[in-house]
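Heads up: the structure comes next, in structure tokens.
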Amino acid sequence: MLFKNLLAAILLTAASVLPAGAQDFIAGIPRNETLIVQGPPAQNAEWFNLWAPGGGASNDGLQQLTADTFWFINPDGTGDQAWTNALAADRPQYNADFTEMTVKLKDGIFWSDGVPFTADDVVYTVETQIAHPGMGWSAPFTVNVDRVEATDPHTVVFHLKAPNSRFHTLFTVRWNAAWIMPKHVFEKVADPLGFNNNPPVSLSAYVLQSYDKAGNWAIWKLRDDWQRTSIGMGLKEPPQVKYVVYRNAGNPDARVIEQLNHNLDVINDIAPEGMFTIARKAGDNMAAWFPGFPFAHPDPTLPSVLFNHQVKPFDNADVRWALALMIDIRSVAMGAYRGAANLAALSTPPTGIAVPDYYEPMQDWLQGFELNTGTRTIKPYDPTIAEQVAALVRPQWGESIPSDPAKLKTMFGFGWWKQDVQAATELLQKAGFTKQGNQWMMPDGKPFAIRLMVEGDNIPTLARAGTIIAQQWSMQGIKTTVDVAGPTNGQRLGAGDFEAAIYWSVETWGGHPDLSFFLDSYDSAYIAAPGKTQPPRNLQRWKSDKLDAIIAENRKIAFDSPKVIELGRDYLKLAVEEMPFIPLMAYNKFAPFDTTYWTGYPSAADPYAASGPFWSNLRYMIVALKQNPNAPKP
Amino acid sequence: MHATLKPEASTSSADPVLRVDNLKAYYQMNYFGVSREVRAVDDITLTIRRNEIYGIAGESSSGKSSLIKTIAGAIRPPLRVVSGSVRFDFDGRTLDVYNDPEAMKAARWRHLSYVMQGSMNVLNPVRRVKHAFHDFAFRHMGLSPSAFRARVEAHLERIGLDPQVLESYPHQLSGGMRQRLAIGLATVCEPEFIIADEPTTALDVLVQQDVLALIKDVQMRLGSSIIFVTHDMTVHAAIADRIGIIYAGRLVEEGPSQAMFEQPQHPYTAHLIASLPRIGDTTRRVSLPGKPPNLADPPSGCRFHPRCPLAIAKCETESPPLVPRGEGRVACWRAGEVAAA
Amino acid sequence: MDGFAKYLARRFLQFILVIFLGVSLAFLITHLSPVDPVEQSVSLMTNFGATDPRSVALLREALSELYGLQGSFFEQYLAFWGRVLHGDFGPSLSSFPTPVMSLIMGALPWTVGLLTLSVLISWCLGNLLGALAGYFRSNLLLKLSGAAVMALHPVPAYIVGLLLLLTFGFVWPVLPISGGAQMNLQPGFSLAFVGSVIVHGLLPALTLVLVGIGSWFISMRSLVSNIVTDDHVVYAELGGVSSGTIFSQYVARNALLPQLTGLALSLGNVFGGAVITEFLFNYPGVGRLLIQGIYSGDYSLVLGVTTMSIVAVAVAVFVIDLLYPLIDPRVRLG
Amino acid sequence: MFSILRDLLRFNVEFLIGFLLTGTIFLFAAAHFFAPYPDTAIYLLPPDMPPSAEFWLGTTSRGQDVFWQISGAIWNTMTFGLTVMILSRIVALAVGMVSGYLGGKADEVLMTINDTLIALPNIPILLLVYFVMRDQMTWPLLALTAALLGWNYDARLIRSVTLSLRNREFTRHAVFAGMSVPQVLIRQHLPYVMPVVFFTAMNNLIWAIGLEVTLSVLGFSDVNRPTVGGMIYWANQHQAAVSGIWWWLVFPIVAVVLLFLGLFLLAISINEYIDPRSRLSRMGG
Amino acid sequence: MSALLQLDHVGRSYPVGGFFARRQLQAVKDLSFTLNADRPEIFTIVGESGSGKTTTARMILGNEVPTSGVIRFLGQDVAAIRSRKDRLAFMAKVQPIFQNPFEAFNPLTTLDFYLYSTARRFLGLRTRAEIEAAADKALQHVGLSLVEVRGRYSHELSGGQLQRIAVARALIPSPKLIVADEPVSMVDASLRMSIVNLFRTLRDDLGVTIIYITHDLSTAYYISDRVIIMHKGDVIEAGDARAVLGNPSEDYSRALRNAVLPPDPVAARRIIEARLERRRAALTEAGT
């Protein structure tokens, strides 16, 4: 009796409550004016001070939608269309020896509280941060800036401590950059480091509407005066997206479910299998970078097998090459990405402008590249890898896989090193290794074993790649165990506490051929002693005189100089010869869009803006989206 | 001598209120292949009359406790009734304990109550005593709650307990008080029949005397029949009208207590009585040789024969029947010779 | 009363000692953590931009000073106790300079609401079913529900939650699968908000109830099957007391007493959050906060949550010890 | 020993079912030693194959045979769970019995430690210890850590049993028969404590397996060693739940549930067998 | 005369009562008596529950420490014996017999283990044969043999047999003193006398002094040499057993004496009848 009553009560409650739960996904905001984007959970959600550490909603729309600075580079773009003048009216102007940079600012830009934006805000930004170590851009300003002045309300002149032809990149957004502070707000604050800036005034087209104190969501609203912003000025029509919701949509499974339920328009990252599920279930309501397989968007970062050059025997290029030749990249592509990988043999991501500037012109050189194994010379490059991978995925994807090799190269990459166990054997022997049974012994007689570090479930595809490479090496006689570092990954990489790792030490502008974005930090002067923390980028602690020469040369020339590409190619050739790390592929992200409410997302065919929710370039996508006329009516 | 305290049994009426016929109740156990059958109650027939106190005596594990549990219908597996019947006669209605469970349940406490050994544990330790009275007796009394309470209090006063005990928890009371309370609980509905299982064991001498007096008092007032078990022959001497002696699951002798103490018919009874020490007498008492029989594998013939000083060849092979002798019954091939021995 | 006061004093001393030892141990372990909050912040601030190695070094230095991480281990330990005694866990390192306390206080209502209810429901349900199953051994319905509970018992919380998430979010999408309340709804005692909180809490709560019910069920059933053979139960049966009364007043009542200690412990544990469930359903509670803290090397935060949990459990045990005499008359009156 | 087993099998249905279940799963788990592929090998088989005649339980998205994966995973998880269980039982027994028997100062000290550990929240402590140990965190070490966190509540139960045994006459008798403390504890008290040990052992095992899964799900696991939690971890990494690869998740869980049910039935029937009350009635008397 | 055991103004109090109402209970008050080492006797302590007799036994055995006064065994303060070695030496001379033989033997331990353990620990015997011989010899004293006991469990034997085995075990180290706390109260009446008779034999044949603690006046009368009657911690009456029990002088002792039911229905009924009369009178009085 009791059970029956209980059961009845439960069912009754369920019946009355469940439909209510399904209704009204966001209270009081029309769904068809709202773009819902996957954001990270904001710890310390009430913190809106973008210029001080403190967590908060920085990546939940704060910097993407309200902050602004001089210039933007579209990482997916090529040539001039990749460059956008935002607050600046023009490109940066340096003096001859690169000790002075002058920036002209656009007129008619206002903060969301109605205060005009002027050069004083810029000066204040730089000076305040220099005065407060610990603020986000304090350190680079302190290192570079001798003096900054506003020569008139729309002109700023930076006097630098030393020549620096790339100083403007501090204010150039690829992912983010030094954002301009609202002087009229911060000057009233005693401690800019302890100020939560809540609510934030906006310099861009959207402004904070409401946020979750628990950090699960933040909602941004189109400014009424959106035209008085750098992005709004350029628009011909008003943006159709009135509200942008950044929401923490939970684990990858939940993200897939939420998008299928039309509660999440933009996904940042899911596993390939989740992507395939959405493609299968959402049908026409789905858009992605590629409309069909491989779907994924290649980020301008380069997942690689990093070696710690300060740990023997990884200081030996022959060993590194041998390990590269033991890899069957097709299995890696299949295992990590189910084939949906954009493979990279060169040490720069095969995205954006790198394709016409580096990948296409260097194919001949790659095919002609000869490697001395100690007993013979081989030509390790295999330009047909894309076709081979295509053949592997065709059973599953069938007709959607084209047969045109040129198209396949944009999907799967230009080529990679052919697995060549014999050559690897010769290289190892050349390096003094011996093989006992199926076990390689190092020159000192110890068995050659590798701990391959991966971050883990934060970047599952790389963890997956790591397990396959480990298996391949193990099968060739080098016992490799995968070590999941989790949250300690970054620190261990920095401290050199690893032998080999799957991570990236190369990131580029994507939309600009200049490689200084990462290359400058490869200068051997910055290499830390073993055990000490290495500054970002040169995590493998690769030291090369030739490289130093390239870096020195690159510093001397201007950002837009055509010589940049030449030096870039020199670097790429050097990296092939020395194989300081084994580049694998672009960091492909599965980031499907739901087109039920919005259309016009960027794609490989129309890469007009970046689409990653955490990328500040996203704003150019948001203002370009169009309402789907077939959207369900509220 | 007080008139009501005559040791002669059943003067008032001779009609039986309890009839136990050929009752067999065995422990049938099967633990992981070890099957055992313990014949705790082995073919026992007896009747108890109205207004009579019937004592059951025997050593531990003789089956006396099993017998009284079987009579009370308080058995749980592995103890099972194998054959025979237990019938009560209440208000002219015959109730078979094992055939009329519903009627039995209704009759409990109204007609038939039970005093258990170990009064320590029979009351719910986490509730006040008054709840026990309510749970056990309220529905039989047909009284309003306040009238019921008054009745219970009066009843407790009559048996010499402060009604305040109703507000107590069991563990706040001494052993003697608890035992008195148990008797109070068993008699509050004035039942015709009371089953008492070792009601005075483990009580101090002074308390024991008190409780025995109480039982006798209540019995006389209500005219109830009481069947009770104890191994202490002196307790039987003090209040039983008739005594049944159990040995190895069987009734070996039964008779009025006075007669039994004066002239035991069975050698075992004789021994039980003879071994009792008494103050003022330091002559050496002999104890019974041997050990109590194992009921899972009892001796052949008369079960007492291995320890019997009078045993003859016949005793080893043939089990003596329980036959009338004198004022009672006895099961012994040499029954006549005991007194002489 | 003298004896009681003495007992109280000793018990209180032990209570303090437990908290002291527990928190010290937690301090030790958190400070052995290899995750360096400065490095975490540095990598957060430098990961995506062009980075000049010289400025990174400068940043690291500045942050280290800002977070107050200088000083020996022992000095930090003393400073920690100094703050804790004032109910302050210092600033969070990953959410600098927001105080840890305000982060915890933000998450606590969610967790306490969710967990208290789930613990109570699973305790009541598990005990009720367990008691019924232990008393009415032959009832088929009870046997079946017992089997269901038993089969559910070993299934890890994550799986139960995942199954619920898939069932009610994917196959039959009727319940929200993420978050604590509807978006853009301002917290308050409005019908909409409370309703939304309840609806959002259904799946995590159901997960916790399903996961928690098993152990209560099993222990209650075994307690009851011991109690039914007790004399007072047998005696009540002989007294013709109705089986309903016997069940509730003689069996369940006695068996519940030991379960109360378990309930108190579970309620104390509420302050530690339900890590897996909150993680899975993205529930804005202490458990999720804790995971974030661990990931970001925010030992102030981790230590704050751990300390709260230790104190809560110790208090719960202490309180139940003090209350027990009021609950169990045997202890009260000896 | 063998005759006990035979008796239990012949005369106790629960034991029989439990034995069959546990035995089957054990054999199944032991079979991984004879698996056709190494249990860490990936992409040797076509991925995502549903259960079929060729792959009985299907294949994972990593190209592994679910059958052989579960086989190895159950073995490893069981080893972990049993290690935690046995270690923590030993500590619980030692602390509970010594504390209950000796009483006084020893009891106070042990119970303060015990209460401290009760108050420590398990998951954060384990995660932190995992962080501290990192690469050195092998599964035996993890098992040890878990065991150190998993004995305290049960030690209290054991202590209360010992406390009541301490005042039993046979304990005093044993002392006057010259038995030493270990002799009293092991010979006289242990049989009475064993049912508690067995009863708590099952809960502890469930807790340990749950812990393994929890840590794995949160990403704290040795990916080089297949376990039930590890399988769930990898299934998550491949979003098996939403991708319809249900066999990757369902079968390991079914195996765990069956294993647990088997062990539970074994535990309650063995408990009945070793329970002093049942032993006594079996011996007669 | 040398004293085997000397109790000198011994007292013992406990905190009692529940959680909220604790008080001190004086279980034993100022108890003094001396047992002579040269003349073995059966010294009986008679009392009801709560009289302090069991507490006295526990103090003599060293299981509890007096809160006042001293207990000396062969001149040594019993409470001061702390080390395991001293305890063993003490236990070799003073051995207990417990009330409930079924409780005194762990039902899951074979009976012979107790015998062997005693022989091994107190006699220092090592070989199996020696140990078994010692056990058998002790069992012979109580009319049993090792063959009957070996490998048996307590439930396989009767209470009387168990109690005799308990006595045999206590005899193994040839103790000077045996403290028997209610040794027959849980034994069937028919077997009771076999134990009681055994105590006589021990005293007469082995020269063991026995402290016999009981509430049963009839067996006390039957075997005791000297007796003390305790009530609520106080000694009410002490002296020669026959004299005290046969003709008690104190009110309490007399009441106790008169409550003993004789094995005779007529006399027993008269006692109950008298009690009943008093009850009725008391109730009538209360009623009026």
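Keep in mind it's a predicted model, so treat the numbers as computed, not measured. Lettering follows sequence order; numbering is per chain, from 1.
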4.5 Å side-chain heavy-atom contact, Q249(C) and H131(B): no
Pairs of heavy atoms under 4.5 Å with chain C: top-ranked of K105(B), R139(B), R127(B), H140(B): R127(B)
When A106(B), A74(B), A107(B), P125(B) are compared by non-hydrogen pairs under 4.5 Å with chain C, the top option: P125(B)
Rounded distance (nearest 0.5 Å) linking atom CG of N124(B) with atom OG1 of T245(C): 11.5 Å
Value rounded to 0.5 Å, distance of CE in M116(B) from NE2 in H232(C): 11.0 Å
Are more than 12 heavy atoms from other residues, nucleotides or ligands located less than 6.0 Å from atom [atom1] of [X]?
X	atom1	value
E167(B)	CD	yes
R149(B)	CZ	yes
R93(B)	CZ	no
R110(B)	CZ	no
R10(C)	CZ	no

Aromatic plane relationship, Y235(C) with F136(B) - under 30° parallel, 30 to 60° tilted, over 60° perpendicular: tilted
Partners meeting ring pair (Phe, Tyr, Trp, His ring centres under 6.0 Å) with Y26(B) (sequence neighbours left out): none
Contacting region of I246(C) [heavy-atom separation from chain B under 4.5 Å]: neither
Part of L185(B) within contact of chain C (heavy atom distance under 4.5 Å): side chain
